[in-house]
Structure formats: structure tokens, C-alpha cells
Amino acid sequence: MNLRRAVFPVAGYGTRFLPASKAIPKELLPIVDKPAVQYVVEEAVAAGVETAIFVTAEGKSAIEDHFDRNLRLEAFLAERGKHDLLEVVRHVGTMVQVVAVRQKEALGLGHAVLQAAPVLGDEPFAVLLGDDIIVGHPPAIARLAELGRQTGAPVIAVMEVPREEIRHYGCVAGDLVEPGVWRVRELVEKPPPEVAPSNLAIIGRYVLTPAVLHALAATPPDRAGEIQLTEGLRRCLAAGPVYACTFPGKRYDAGNKADFLRATVEIALRHPELGPGFRRMLEEVFAEVQEK
Ligand code: G1P
């Protein structure tokens, strides 16, 4: 299974980050020195993805611009001899082919993925959600692609969460077929902990097949009027296997302010240039706060 295309649903308002996300897409808020979405796109590119399909909305075109060439800026940096910055800017503008499609109404994640159908062709593709940032090598999505290659089936990333938190996630229950891999038996979106079939939460990484798009096209909206990707995948269970697997790397919930800060601090601490100085600065901050 050659995973050449990846879908990035980025149409949401980012209400949890208002007012920061009022005029700037929340996906472009920086984590240390890169916009949040760049971490996610880089993960896909590291796994061999060549084309990024952004499912966007009004006010979000800066995301496409970020991954486009900016020849004026490049000329300016070259003229001033700022070769390091030129390299950084060129890298981000050339790492991936960019396609943008519009989700014209906020009708759910399954609906967002369906908007990409006309440019997906007849091969498996990845879906990566920007709210989940996973750092580390090998890339998390490459693990799913590997399992997809072996099985020819859709693959969902999962991790165990405390039971009371499962209400925030899609939930998977299945039969363990090897360590960290389940053949999925049940899928349910955001169940109350009392009725959840497990504490295995769907994290925003998927390798999907064209069959999932067919299932999504036939999936009715839920009570909130949204077409859920989880429900589309549940409908695929009757037709053939669906797998869930754990993944390498450290995952942050960048849709949550506290975890966004944690990502910022941890990534800064690991940064080769900033890390050592930042550690000393944090120690000073703690000492100052304790004195008061
Ligand atoms: C979406 C999916 C959910 C999944 C989550 C992962 O929910 O619907 O199944 O667990 O992403 O981040 P959202 O967080 O967009 O409400």
C-alpha cells in the first residue's frame, strides 16, 4: 500500500482557542518555532506522503499559503544573505504538493473527509487531525501505513485513556491479534464511560481505503446533524476487517490549551538550540514563583 495522499481537515473555527484563533487559523498558532499544523504535515511527509489535501473553510487560506512557495520572501532573504532562513522558508514551501478543498458547512469529520473524495482517486489515503500532535521517529502514521500494507484494511490509531476521558473520543473495542494491534469489533463515537465498550480512544490518525468513502457517503448525520467518521468506519465492519493499533511517539492534544502549553514546553526543552537556555529559564521562573 503506497500512501501518497493525506487529508488534513482544517475547517473548524477553533473555538477553544478564541480569541487567539479569531483572525488566525488555530492550526497556525506556533509551537516553539513552527505552526502546529506543520508538525502534522511533516509527520505525513516523513511517512512518504506527497500530496496534502487540506479540507478548509473561509478564513483558512493562510494554511495553504504556509506550504506554498513565497518567491518574493525568498528573493528578499537571498538578497540580504540570510541563507539559513531562506533554507527554512524553501523547505516548508516545497515539502509537499498542496490541494485545498472546501467544507462549505460544519457537518462533521466524516463530512470533511468526504469533501476530499473527488481528489483522492482509487487508492488508500491517510487522515491526520491537527489537534493531535505526535512527535518522534518513526512517524506514527507510518506505523498505520505498514499495517495497512500488510492487511489491505483500514487502520485507526488508538491509545488507552482513563475511562472517564473516553467520552471525548471515538472508542474502539476489538480482539487483540498481536501486541498493540486489534481487529475492531465495535466502534462508538464519544460514549459515556458507563457504557463505553473499552478505554481505547481513537487518536487522530487513520489510514483509509476507498471503501470507507463509500460507507461515509451512505452514513446519515447524527443527532447533532454531523456525519461522523467513526460511524462511517463502523459501517465498514460488516464488509471486512478494520484494524486499530498503537503508535510510536509522544502525543499531545493540541486542541486543549493546557496540553498545547505542555507541547510548547516539552518541545522547547528538546530543541537543540533553545533547550538548554530554556531549561535554565524555567528553573529561574520556578524559583521566583516559589519565593513569592
Ligand atoms: C475526532 C473524532 C474522534 C477522535 C478524535 C481524536 O473528534 O470524531 O473519534 O477520537 O477526533 O482527536 P473531535 O476531537 O474532533 O471532536
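Each ligand, and each atom within it, is numbered from 1 in the order the structure gives. Because only heavy atoms are used, hydrogens play no part in the values below, and waters and symmetry mates are left out as well, while side chains stay in.
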Please report which non-hydrogen protein atom sits nearest to [atom], along with the residue it belongs to and the distance in Å to one decimal place.
| atom | answer |
| --- | --- |
| atom 13 (P) of ligand 1 | K190 NZ, 3.6 Å |
| atom 6 (C) of ligand 1 | I202 O, 3.3 Å |
| atom 2 (C) of ligand 1 | E189 OE2, 3.6 Å |

When you measure from the side chain of [X] to the backbone of [Y], do you find a donor-acceptor pair of N or O atoms at a distance under 3.5 Å?
| X | Y | value |
| --- | --- | --- |
| R102 | A11 | no |
| R205 | L129 | yes |
| Q103 | G108 | yes |
| R5 | L120 | yes |

Note: E283-R280 ion pair, threshold 4.0 Å (strictly below): no
Salt bridge flag under 4.0 Å for residues E266 and K250: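 K250 and E266: salt-bridged.
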Lys NZ or Arg CZ of K34 over Y39 ring: under 6.0 Å, within 45°: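 Verdict for Y39: a cation-pi partner in K34.
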What atoms of ligand 1 come within less than 4.0 Å of a heavy atom belonging to [X]?
| X | answer |
| --- | --- |
| T230 | 9 (O) |
| Y169 | 10 (O) |
| G170 | 3 (C), 4 (C), 9 (O), 10 (O) |

Which segment of H168 sits under 4.0 Å of ligand 1 when only heavy atoms are counted: neither
Part of D132 with heavy atoms under 4.0 Å of ligand 1, whether side chain, backbone, both or neither: side chain
Atom 11 (O) of ligand 1 protein-contacted, heavy-atom criterion under 4.0 angstrom: yes
L109 N/O under 3.5 Å from ligand 1 N/O: no
L129 to ligand 1, any heavy atom closer than 4.0 Å: yes
Centroid-centroid distance, F260 to F17, less than 6.0 Å: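 Between F17 and F260, which both carry aromatic rings, the centre distance is below 6.0 Å.
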